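Quick notes on the structure that follows.
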Amino acid sequence: MALQGTCRQIGEVAIIDFSGKITLGEGSATLRKTIREMADGGQKKIVLNLADVDYIDSSGIGELVSGFTTVRSAGGELKLLHLTKRVHDILQITRLFTVFDVQSDEANAVRSFK
Amino acid sequence: MAANTQRIEVTLETLLESVDLAESITMRIAEAAGFPDEEIHKIGMAVREGVINAYNYGNQQDRQKKILMTVELAPEDMTVRIIDQGQGFELTEIPDPLAEENLLRTSGRGLFLMRAFMDEFKVERGPEGGAQLVMIKKLPHVHSANGKHQPE
């Protein structure tokens, strides 16, 4: 299933609900475009809700890392919310849990921004 | 090749679509071989990463070049070979994606995932000088006989 992202705003925090696969090609491109548009629009507090993303490959992981550094370079923060087991496991074995702030509760995720 | 080994050979175009195709073919074979769902997923993902490697780095997205994939199903294991028509490479040349200084790199995790998801993984020189990725997964009954824990 192609990746789809829907954005909603809670205060200053933008939450993007993604569903589908983040894989080489369309999925990675959609993720990149969505995050870049947010960062270009001046959004500093971004949460990617990955509750409906059950598949990510190395290209998708690379795009998550790229999004993280893009937002951080613009002075913002990007966090991850509701990881599925497969995405969780991939981030764990690639040690990216030490990079990303991963949240399991939306209200806490929103509150966690400085 | 032993007499009771089944072999499938597929020549893939150097196209993005070949990544999904190779993954799908291999997952069907793994399913028929009796692997549990999570192992089928891991085998499919390892193959996906192998074909991405051939598509992007080996064949440099050159439509004139091909990717050869073979799957051998032997009594004890399943072996997948992915051969590109690039320049080949040595595993020792690849930076460790788990090293602190590489964690923010946006590429370089595919080979690591192949190794993580399969029982054996190696990179050899293909017949035409490109890379030949070899990945092996023991069949479920072999894991059971060895008393190995089956991941969920």
Side-chain angles (χ1 to χ4, degrees), chain A residues 1-3 20-36 39 48 50 53-74 76-80 83-102, chain B residues 12 14-24 26-27 36-59 61 67 82 94-118 121 133 151-152:
Chain A
M1 185 176 109
L3 186 72
K21 295 178 174 185
I22 309 179
T23 53
L24 179 69
E26 204 180 327
S28 290
T30 300
L31 180 66
R32 177 170 57 243
K33 183 169 174 281
T34 308
I35 296 175
R36 195 149 295 171
L48 306 184
L50 303 181
V53 174
D54 66 352
Y55 196 20
I56 187 166
D57 64 10
S58 63
S59 174
I61 298 167
E63 215 52 70
L64 274 184
V65 172
S66 174
F68 174 84
T69 55
T70 297
V71 174
R72 194 171 66 172
S73 301
E77 275 187 277
L78 181 142
K79 304 186 182 209
L80 305 181
L83 301 188
T84 56
K85 183 180 182 301
R86 282 178 180 167
V87 175
H88 175 282
D89 290 351
I90 292 275
L91 290 189
Q92 194 158 51
I93 64 171
T94 53
R95 288 194 62 217
L96 287 172
F97 255 91
T98 62
V99 170
F100 288 102
D101 182 354
V102 179
Chain B
L12 299 160
T14 303
L15 290 171
L16 194 54
E17 290 78 3
S18 295
V19 175
D20 285 341
L21 179 62
E23 180 181 24
S24 168
T26 319
M27 287 176 76
D37 285 350
E38 200 50 37
E39 292 303 296
I40 294 170
H41 167 73
K42 287 179 181 174
I43 292 166
M45 189 155 176
V47 168
R48 174 179 195 82
E49 296 295 343
V51 178
I52 288 175
N53 186 80
Y55 167 79
N56 265 338
Y57 304 107
N59 290 355
Q61 301 186 20
I67 301 165
I82 296 164
I94 309 300
D96 175 9
L98 302 188
E100 201 68 33
E101 66 272 21
N102 295 328
L103 286 180
L104 290 182
R105 287 176 68 117
T106 56
S107 62
R109 294 180 178 86
L111 294 167
F112 168 78
L113 292 177
M114 286 179 245
R115 194 173 355 208
F117 288 154
M118 301 298 275
F121 174 72
L133 310 182
E152 290 174 10

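Numbered from 1 within each chain, the chains take letters A, B, ... in sequence-line order. Computed from a predicted structure; not experimentally measured. What you see below is based on every heavy atom in this structure, not just the backbone, and it leaves out hydrogens, waters and symmetry mates.
- Both the backbone and the side chain of B:L98 come within contact range of chain A, judged by heavy atoms closer than 4.5 Å.
- Contacts of A:T98 with chain B are made by side-chain atoms alone, with heavy-atom separations under 4.5 Å and no backbone atom involved.
- Annotation: A:Q92, atom CD; neighbour count of heavy atoms from other residues, nucleotides and ligands within 6.0 Å is above 12.
- For B:L113, the part lying under 4.5 angstrom from a heavy atom of chain A is the side chain only.
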Practice prompt. For A:V65 and B:R105, run side chain to side chain contact (heavy atoms under 4.5 Å, CB included): C-alpha distance rounded to whole Å, both residues' side-chain angles, the deciding distance at 0.1 Å, then the answer.
Written response: CA-CA 7 Å; A:V65 172; B:R105 287 176 68 117; over 6 Å; no
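- In this structure, chain B has heavy atoms under 4.5 Å from both the backbone and the side chain of A:T94.
- In this structure, CG on A:D89 lies 7.5 Å from CD on B:E38, to the nearest 0.5 angstrom.
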Item to complete: May I have the step-by-step check of side chain to side chain contact (heavy atoms under 4.5 Å, CB included) for A:R72 and B:L104, ending in yes or no?
Response: CA-CA 12 Å; A:R72 194 171 66 172; B:L104 290 182; 3.4 Å; yes
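- The neighbour count for B:D37 CG, taken as heavy atoms of other residues, nucleotides or ligands under 6.0 Å away, does not exceed 12.
- Neither the backbone nor the side chain of A:L64 comes within less than 4.5 Å of any heavy atom in chain B.
- Within the 4.5 angstrom heavy-atom criterion, no atom of B:D20 approaches chain A.
- Side-chain contact between B:E23 and A:D57: absent, with no pair of heavy atoms (C-beta onward) separated by less than 4.5 Å.
- Heavy atoms only, all atoms of each residue included: B:T106 and A:S66 are closest at CG2-CB, 3.7 Å.
- Taking each heavy atom of A:S58 and B:G110 in turn, the nearest pair found is CB-N, 3.8 Å.
- Residue A:L24 comes nearest to B:R48 through the heavy atom pair N-NH2, 4.0 Å, listed as atom of the first residue, atom of the second, then distance.
- Residue B:E17: no heavy atom, backbone or side chain, is found under 4.5 Å from chain A.
- With sequence neighbours excluded, no residue satisfies ring-ring contact (aromatic ring centres under 6.0 Å, His included) with B:Y55.
- The two residues B:F112 and A:I93 come nearest to each other via the heavy atoms CZ-O, 3.2 Å.
- In terms of the salt bridge (Lys or Arg N to Asp or Glu O under 4.0 Å) criterion, B:R109 has no residue partners (sequence neighbours excluded).
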